[in-house]
> 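Below is a structure I'd like to ask you about.
Each chain gets a letter, A, B and so on, in the order its sequence line appears, and its residues count up from 1.
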Amino acid sequence: MDTDFAVVELTVNGIGHRVGVEPRRLLVDVLREDLGLTGTNVGCGQGVCGSCTVLVDGASARSCLMLAVQAHGADVVTVEGMATAAGVHPVQQAFLDAQAQQCGFCTPGFLATTVELLDRNAKPSEAEIRAALAGNTCRCTGYQHIVDAVVRASEAAS
Amino acid sequence: MKPAPFRYQRTTTVDETVAALAGGRARVLAGGQSLVAELCARTTSAEVLVDIAGVTELDHVAVDADVVRIGALRRIAALEDDAELAAALPALVECAGRIAHPAVRNRGTIGGNVAHADPASAVPPVLLAHDGEVVLTGPGGARVLAADAFFTGLRTTACGPDELVTELRFRRPGPRGGAAFHEVSRRARGWGLAGACAVVELDEGGRIAELRIGLLGLAPTAVRAERAEGAAVGRAPEAEAIAALAADAVADLDDIPGDVHASPALRRSLGRVAVRRALAEAVRRAEGS
Amino acid sequence: MTTTTGPTTGHSTAWVGADLPRKEDPALVRGSIAYVDDLRLPGLLHAAVLRSPHAHARIVAIDTTAAKALPGVHAVLTGPESLEVIGPLARFCAEEVVEHAIAVEKVRYFGEAVAVVAAESRYIAEDALALITVEYAPLPVVADAEAGMAEGAALVHENLGSNVVYQHAFTFGDVDAEFAAADRVVRRELRWPRATAAPLETNGAVVRFDAASGRMDVWSNTNLLNFGAWVMSATLGVAPHMLNFHPLSVGGSFGSKHFLAKQIGIAGALAKVTGRPVKFMEDRADNLLASDAQAPDRAHVAELALDADGTFRSLRIKVVDDYGAYFLLAIAGNTNPLSQIVGPYRIGSVTYDVTAVLTNKNQQGVLRGAGSDVTNWVLERLVDAAADELGVDPVELRQRNLIPPDAFPYKIPTGNFYDSGDYPAVLARALELADLDRWRAEQERARAEGRYIGIGVACAQQRSTYYASEFWFHNIGAPAPFTTTAESVRMRIGPTGGITATLFAPFWGNSQETVTAQLIAAELGVDPAEVAIDLAPTMHGLPSAGPGGSRMTVMLSGAVAGASKKLKDKIFEIAAHQLEASLDDLELRDGVVSVQGTDASMSLADIGMAAYWQKASLPDGMESGLEASFTYDPPFFTLPNADRTDLGAFYPIVGHGCHVVVVEVDPETGQVEFLKYVAVHDHGTVVNPRSLEGQVRGGIAQGIGVALYERVAYDAEGRNLTASYDEYLLPGAPDVPRVEVAFLQTPSPWTAHGVKGGGEGGRMIAPPAVTRAVEDALAPFGARIDELPIAMETIVGLCAPS
């Protein structure tokens, strides 16, 4: 039966949550407002710029194009979940070492896309990296340091 | 850019889904990569969304000797990663890799791409070129439609408001066949301004026995290039002939979309290039096989 | 840093010029940085804006009854209703071009705000928009500048009597005589497209108004803060000393977030009527439709007069600029270029004839380059055209005309100065890195195979550190309304020697925290890791014009030097007193003050402790504490003369660059692929090379954008066709090449450390280099590119077999 209110159970950065939502509520808004995880940003609201990219069950997803109800039962990782008490994620470290950010607004989205890329392809070529990152827009850096960061991260992992 | 309110339901079987669609109030939510974007922009609305992500019976790929059947819920990313599928339908896997970006391909479905039927959607021309069929399931059961009859107008298909696209069927290229997909975008990646899928069958003499071409971006829907298909039969597929067929493929188009990215004239030019490149590659693959 | 008398400062690490990892970055990669949309305030309401579907229309009636009744809606305001709580927007033009945050009486562009809603959530606010009904009486649309200038055109602002809001021919030197005497005149008609900044973060504001005290707090990604936030006082209806702006981190600006009075006004009006804090965050459509950050939209007739041997003599540029429906910054985008209008060349006279036209489009702001990006492109197009017409090599033609390195400081005909430079050396280095000969050979080989490779070289200026007069000297004879563009730093050394610096400008993605730490490290001989940086709201603010005009590093260098000097004076006084030494014998090195030739020393921690906790150990009459602030004004400026035949030195810290670009063009599709990209830039002393490289590469990506992809498109009815990222195309990772960047450093004689600004250079120099590369690739087809972005259609049409 259809409903105008749903309870969504999901895990975010390792912590389980139960959230009551209108079905129209976007995942990105539940993350940012209900769960206080403001690291994920909204750049366009249409799934084009990639700023809102998070990992859902290990696969990158545009959180501005997902309804929160679609994340019921899912395991979501946002930028806040990448670092541990021990330190930042190796991909975050690579971004730091390569100075891959300027204003930082697009960075969480790039991090999610990069984690997935390296999961699928441990040693991507520069062309493969640029193609995989084509869905994440950066207006500040001209991409080069970001590509360098991905290369660094892939080398560090081997 | 937030959606207007709607009601929501999840289903786990095709029957449940068909029941939920009864009365025409509901719309199918699969990957949502097109639908949620439109709901956010409020260019479309829905009273009820039926989320079919749990209808696992729709998530399959069956590669037979002559036909490949793909469930509507198969994610585009899964198509990309499927080696068996790449051998059977290389043009489909090629086009899958061109659709948007990884995050969109992870959630977008092949059924969604076909049902959305944007003039620049990538799968429809591939479906057309592979003598495709669309299986629709409604209250009266399943019916099979030739792909040619499925795309009826601008973002309009023959799928009724109480029906669901459940399966897509592609005829595999034959032993002396080859298929390829090529599109031209404004930037390195992005929506195709014009594109083509060519499926060619050669005879024992190496001449073209059959040619099917599906086009994107060149009409309100994906269309076949019938004149070129007819002119191809019996010809030796050399460069000049391929170029001539490409010219034929776009010559009759009289309702080419124009927008801020490309005028109809530019799309026609790019379409010609896309056909030529797709056909040349299809011929190379046919000759190699 | 050594002087012959008095104490000395030394440090074992050269912090100026170090690739210090950015202090800003850890928060960015963790996502813990706070942008305006991340703010949580109790009771926060959310705003949405109803926008006009007409480019030009009278507002006949607005019915907001149903919207107001929607559960969750706190307020709905139309333009006239908003005037009860906010005033018209302040503007920097002398002309009576009145603008309101929400349209009053008529709308003048597609997407102009006609009503606003504050509700419990953005979702509900947008639901409420759908319930507002507006009756419009459409008016004839002034679709572009040509239409605006036509006889009998509808008036965008009736009170002005014309859509031509400004016209003047700035003439310097005897241009007519030079043109008459020249052997040759090269003429081109050149079209530069309307682009926009479109940063990933849109404009936004959270406003809280406390009716009891009359105090208004604003959290916004605006730059105005400690520069001219008080200017918004009349708009917001709050006394200037009761306005408190909180600086924030900003997700990119590129010039588009300088002001934001409209966005702040919307949030402010709703905050006042609801009694609750209100957030207005533009969504992407709001931003692309109405952010007031569109950029030059120019049609030029440009002429270069030269001799038969290729020596440039004079320059004439006649430009019509489509300003859109309002005139916030007057013709700042056309006065800016007068700082460097002759480029790096010895050209003795110039006329810049500008006509500004109002139309039914969203108005211009300033976009990285501020209009000088456009004139760089125009001049380089003329130079390439001259080379083609004369049949000479375009590189040799440039070499013949470059200002030689011994000519600096060099006064250009407009009155501005170029402080320093070595242009031939920059060009030579660029050619060497690019291996031009190899690419010319490659080009020939490719042509034989039916492939089209092209090479483009551009030499151009990048002025930095703007001075106030560019905003008003176009008002001939008028007195100077404002002449301050300062930047401040407050520095404090604490009781344990830790250093805190307070800045008064927002973080735009540039590296102000890192650069400040490096500068302090250089001045005080400490480690940048020991410096903490904070930003101060305006109630505690010192003058700060903030980022923009490539000024931050220059201005921070001066401000830190000034504050450091005050601190050092006190440090040495305390040390001299406690160590019983004379000032001449003291040295501050690596955070320790010592008496030369002895073991006697005090660390900064010792000195700090004395300053805060040991008054008895301080010299008589010395104030406790160890803090100093300094407000630094641009180091060299002079006012324009009355008739503006000499504009004065208003942008004299001038960088320079040379880009060499190699592309391959697909003649069948019009797609362009980069094979090589070299950028050699001279921004004087570079404080953090890594960080500046990033700015250069980012600017180049934007320059590639305007050369190939970016254009704000309006149709004949004035509808904006590019109001999403699917239509306004930005370059993606596969579209931007690897760029080899090299810096040559000719220090400025006038700034601290010899620093010059470099944030805009990439975007200012890339377009002509890319344009020429494509044109060169298509030379076999007789290509001549006079308009950007280079359309696929242009290339495909040019190369189509006949």
Side-chain angles (χ1 to χ4, degrees), chain B residues 1-6 33-34 37-43 45 97-98 100-102 104 118 120 182-196 217 239-240 243-244 246-247 250 256 258-278 280, chain C residues 46 48 119 121-131 202 281-287 666-674 704-705 708-715 719-736 789 791-797 799-801:
Chain B
M1 249 173 250
K2 310 297 178 190
F6 49 78
Q33 302 303 282
S34 304
E38 288 175 357
L39 290 170
C40 286
R42 300 200 185 203
T43 51
S45 63
R98 285 287 308 181
H101 309 295
V104 172
D118 189 278
H182 190 89
E183 73 174 0
V184 181
S185 307
R186 181 67 191 88
R187 294 166 298 181
R189 294 195 58 97
W191 281 104
L193 301 177
E240 264 181 52
V250 298
I256 303 176
D259 65 12
V260 71
H261 299 307
S263 66
L266 177 63
R267 282 198 156 86
R268 192 193 299 274
S269 284
L270 298 177
R272 183 171 166 172
V273 173
V275 171
R276 204 194 72 234
R277 292 179 181 179
Chain C
H46 300 257
S121 73
R122 177 77 183 213
Y123 291 75
I124 295 172
E126 290 188 13
D127 294 343
L129 296 184
L131 298 175
T202 59
M281 198 71 216
E282 288 179 340
D283 62 25
R284 184 53 55 187
D286 290 323
N287 180 264
D666 182 341
E668 291 191 309
T669 63
Q671 288 169 323
V672 175
E673 192 197 331
F674 289 92
I704 289 171
L708 298 179
Y709 306 115
E710 295 181 39
R711 187 170 75 96
V712 179
Y714 286 89
D715 68 11
R719 278 179 300 239
N720 187 324
L721 303 175
T722 50
S724 82
Y725 273 160
D726 261 339
E727 282 101 32
Y728 190 80
L729 297 182
L730 303 183
D735 304 308
V736 178
M792 285 171 124
E793 194 132 26
T794 303
I795 297 173
V796 169
C799 306

> Can you tell me how far apart CG (B/Leu193) and CD1 (B/Ile256) are? Round to the nearest 0.5 Å.
12.5 Å
> In chain order, what residues pass the salt bridge (charged side-chain N to carboxylate O under 4.0 Å, His left out) check against C/Asp666, with sequence neighbours excluded?
B/Arg277
> Looking at B/Arg267 and B/Asp259, is there a salt bridge between them, counting it only when a charged N and a carboxylate O are closer than 4.0 Å?
yes
> Tell me, out of B/His261, B/Arg276, B/Arg272, B/Arg186, who's got the most heavy-atom pairs with chain C below 4.5 Å.
B/Arg186
> So which of B/Ser185, B/Ser269, B/Gly190, B/Ala41 has the biggest tally of heavy-atom pairs under 4.5 Å with chain C?
B/Ser185
> Under 4.5 Å, counting heavy-atom pairs only, tell me which of C/Glu793, C/Arg284, C/Glu126 racks up the most with chain B.
C/Glu126
> Please state whether the side chain, the backbone, both or neither of C/Glu727 comes within less than 4.5 Å of a heavy atom of chain B.
both
> Identify whether the distance between the nearest side-chain nitrogen and carboxylate oxygen of C/Arg122 and C/Asp283 falls below 4.0 Å.
yes
> Using the test salt bridge (charged side-chain N to carboxylate O under 4.0 Å, His left out), find all partners of C/Asp127 that sit at least two apart in sequence or belong to another chain.
A/Arg24, B/Arg42
> Taking side chain as everything from C-beta outward and backbone as N, CA, C, O, which of these in C/Ser121 sits under 4.5 Å from a heavy atom of chain B? Side chain, backbone, both or neither.
neither
> Under 4.5 Å, counting heavy-atom pairs only, tell me which of C/Ile124, C/Asp715, C/Thr669 racks up the most with chain B.
C/Thr669
